[in-house]
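Written below as structure tokens is the structure these notes are about.
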2 protein chains.
Amino acid sequence: MDVRRLELLRELAERGSITEVARATHRTPSAVSQQLRVLEREAGLPLTEKAGRGIVLTDAGRALARSAADVAVAIEHANALWDEFRNDPTGEVSLATFPTGGQMLLPGTVKRLDAIGGLTLHCSDRDPESDDFPALTADFDIVLAHTASPAAMNWPSNEITVVKLMTEPLDIALPPGHPLASKELLDPEDLIGERWIGVPWGYPFEKAIQDISTAAGTPMNVVQRFGDTRVTEAFVANGLGIAILPCYTAGGAYRSEIVLKNLRGVVSERHIFALIRPDRAERLAVRTVVDALRAEADAVVAANAHRNPPYPA
Amino acid sequence: MDVRRLELLRELAERGSITEVARATHRTPSAVSQQLRVLEREAGLPLTEKAGRGIVLTDAGRALARSAADVAVAIEHANALWDEFRNDPTGEVSLATFPTGGQMLLPGTVKRLDAIGGLTLHCSDRDPESDDFPALTADFDIVLAHTASPAAMNWPSNEITVVKLMTEPLDIALPPGHPLASKELLDPEDLIGERWIGVPWGYPFEKAIQDISTAAGTPMNVVQRFGDTRVTEAFVANGLGIAILPCYTAGGAYRSEIVLKNLRGVVSERHIFALIRPDRAERLAVRTVVDALRAEADAVVAANAHRNPPYPA
DNA sequence: TACGTCCATGTAGCGACTCTACACCGTAGC
DNA sequence: GCTACGGTGTAGAGTCGCTACATGGACGTA
């Protein structure tokens with residue numbers, strides 16, 4: 001019945017082991033184990049059971065953990081009301097981002113927050129191969145995530161608050177001297193036979209390249225695979241291949257050595273979201289940051305409107 | 001941010017004074033005062049202000065108290081899930097009733113609960129002049145309440161869970177030898193000139209007598225006023241006047257010395273409810289008792305169906 | 001089979017927290 | 001004025017949850 005203990009159970013459900021919970025909550029495993037033991041005694045039924053050298057939650061444990069989330073939401077709602085009343089979002093907000101998203105949105109967002117004043121935003125980037133964005137919400141207030149298609153968004157929407165920020169077109173990146181660089185719009189067939197600089201298996205852009213292959217009727221020839229777009233850009237700028245890159249962020253140091261072209265006939269875009277655990281989403285400070293992110297995303301889209309013609313069907 | 005402190009604030013909002021909160025929560029006023037002080041320091045803004053020799057909540061305090069109720073609901077929801085899982089409603093349930101309601105429903109309800117087994121129901125009756133039924137929900141899990149008209153139910157439905165149990169007709173009680181006792185149905189005009197045994201000012205039945213006066217076009221002559229229906233019944237049985245009494249409960253020791261007659265043209269009935277504070281309503285034990293109350297109320301209505309003809313409009 | 005590692009869990013003791021007991025102060029009513 | 005009442009301070013005691021350290025079982029490897 002004690003809320004702090006319930007919260008521990010919920011952490012256990014999210015993280016899977018007592019040691020991990022202890023690390024996340026800055027306690028010793030012994031303390032966590034003791035508290036869970038008390039909770040189990042109060043509950044009157046087993047909440048965990050041994051599994052190998054670790055433990056797993058029982059059905060009852062999982063159910064209780066879920067209701068613990070509701071309690072957390074109610075408590076954070078009270079905290080938010082609190083902040084609202086003194087009109088002063090307090091505390092620190094942590095944010096995890098994928099590299100290109102952070103590059104595109106975070107400087108502007110931080111400037112917007114500085115203009116408001118009062119709260120501090122701690123950002124850090126996470127390796128983009130981690131396609132398990134929702135898991136990061138246990139450690140960060142806000143997680144920036146992207147997917148190739150909204151259909152691939154198999155995130156549990158009742159356990160994760162999803163805020164759509166923007167849709168960014170994916171363009172074909174060519175070196176300036178490339179024969180295709182003079183065309184206004186590219187068709188998938190144009191790209192047959194090109195050498196591609198792709199992404200590692202499982203990265204979001206992979207799907208876009210597959211779609212192009214399907215539309216062209218021939219598999220694309222991916223000769224390199226990089227996770228960091230700056231490496232990709234360096235290769236393209238040096239004439240070593242073509243690539244598919246997010247339209248608003250591509251370029252950077254190679255702005256004058258890369259040409260971006262719209263692709264016709266294939267829906268190539270990525271969708272960028274903010275993911276937040278519902279209880280954290282209640283905090284006024286968190287909501288303020290999300291609002292700033294949305295405003296910044298809108299501004300980026302507006303600033304790039306001229307390069308973003310409507311796609312033919 | 002501590003839940004126990006929030007709960008204290010909520011008690012303060014409900015009860016209005018620190019001393020009362022201390023009494024209700026089995027603490028000393030000093031302890032309550034200290035905890036509220038800490039809460040206020042955490043909040044960073046004043047939650048209470050002095051008023052005479054007592055205190056009142058500020059707007060912020062009231063708002064926080066309201067969100068504390070949401071937290072309580074979430075916590076009790078978790079507790080209920082708990083009970084659900086071990087399939088065993090635990091703990092004790094307290095119930096406050098008005099006398100005739102308790103007489104009519106509680107014996108059967110307790111029998112039903114005994115058949116299920118496992119939980120204990122503590123009942124006590126409260127003076128019926130207390131028309132402030134909702135306030136009792138702070139001290140009892142379930143409060144049985146009645147009103148003459150549902151319109152008079154000005155209970156805040158978002159702060160109180162209201163469960164309708166039954167509608168009980170109000171009949172005219174006559175001594176057996178009374179001239180009107182031979183009529184099948186009575187009209188308001190029949191009652192002009194009768195001596196009435198009424199209820200104290202403010203009791204629910206008062207409205208029914210007023211409605212009859214309006215329908216008859218003449219004020220009724222109330223010569224006695226009793227809160228306890230047994231006294232009223234004794235007077236009616238002894239031929240000292242007529243009265244309006246709840247159909248299913250009237251009689252008792254005077255069953256053979258009282259005649260009950262339906263009244264035509266006036267909607268005379270009382271509505272019986274169970275009132276529960278939303279957080280308490282989450283408990284499985286409480287819901288089990290409410291279910292038993294509803295079943296018993298249905299049974300009482302069914303058993304009396306023959307005396308309950310539909311009212312002409 | 002023996003060993004090291006990992007994870008969960010006991011035990012002792014320390015520190016923080018929240019309660020009680022009691023004293024004090026301001027307000028209201030006789 | 002006195003008395004009653006409600007709220008607030010202070011000192012001390014009990015409880016609770018944490019750490020530090022030791023124990024024991026499960027898995028992987030030599």
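Per chain, numbering begins at 1; letters A, B, ... match sequence-line order.
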Summarise protein proximity over nucleotides 17-30 of chain C in one line of letters, 5' to 3': B for base, S for sugar-phosphate only, - for none, counting protein heavy atoms closer than 4.0 Å. -SBBB----BBB--

Strictly below 4.0 Å, heavy-atom distances to any atom of DNA chain C: list the hits from residues 9-18 of chain A, or just say none. Ser17(A), Ile18(A)

pair Leu144(A)-Leu106(A): side-chain heavy atoms closer than 4.5 Å: yes

How many whole angstroms separate atom NZ of Lys50(A) from atom C1' of dT9(C)? 8 Å

Determine, for Arg4(B) against Glu7(B), whether the closest basic-nitrogen to carboxylate-oxygen distance falls under 4.0 angstrom. no

Side-chain donor-acceptor distances from residues 94-102 of chain B under 3.5 Å, at least two apart:
from, atom 1, to, atom 2, distance (Å)
Ser94(B), OG, Asp141(B), N, 3.0
Ser94(B), OG, Asp141(B), OD2, 3.4
Thr97(B), OG1, Gly102(B), N, 3.0
Thr100(B), OG1, Arg270(B), NH1, 3.0
Thr100(B), OG1, Arg270(B), NH2, 3.0

Quick one: ring pair (Phe, Tyr, Trp, His ring centres under 6.0 Å) partners of Phe226(A), sequence neighbours excluded? Phe235(A)

Which pairs of donor and acceptor atoms, one on a side chain in residues 59-74 of chain B, lie under 3.5 Å apart (sequence neighbours left out)?
from, atom 1, to, atom 2, distance (Å)
Asp59(B), OD1, Arg62(B), NH2, 2.8
Arg62(B), NH1, Leu57(B), O, 3.2
Ser67(B), OG, Leu64(B), O, 2.8

With sequence neighbours excluded, what pairs up with Asp125(A) under the salt bridge (Lys or Arg N to Asp or Glu O under 4.0 Å) test? none

Is the closest basic N to carboxylate O distance between Glu159(B) and Arg277(B) below 4.0 Å? no

When you list every nucleotide of DNA chain D with an atom under 4.0 Å from a heavy atom of chain A, which one comes first 5' to 3', and which comes last? dG17(D) to dC27(D)

Which residues pass the side-chain contact (heavy atoms from CB on, under 4.5 Å) test with Ile55(A), not counting sequence neighbours? Leu12(A), Ile18(A), Thr48(A)

Not counting sequence neighbours, list each pair that qualifies as a salt bridge (Lys or Arg N to Asp or Glu O under 4.0 Å) and has a residue in residues 36-45 of chain A. Arg5(A)-Glu42(A)

For Glu84(B), is there an ion pair with Arg287(B) - N to carboxylate O distance below 4.0 angstrom? yes

Output all residues satisfying ring pair (Phe, Tyr, Trp, His ring centres under 6.0 Å) with Phe273(A), sequence neighbours left out; order by chain, then residue number. Trp155(A)

Terminal axis angle for the helix from dT1(C)-dA30(D) to dC30(C)-dG1(D), five pairs an end, nearest 10 degrees: 20°

What salt bridge (Lys or Arg N to Asp or Glu O under 4.0 Å) pairs are there with at least one residue in residues 15-31 of chain B, not counting sequence neighbours? Glu11(B)-Arg15(B), Arg15(B)-Asp139(B), Glu20(B)-Arg23(B)

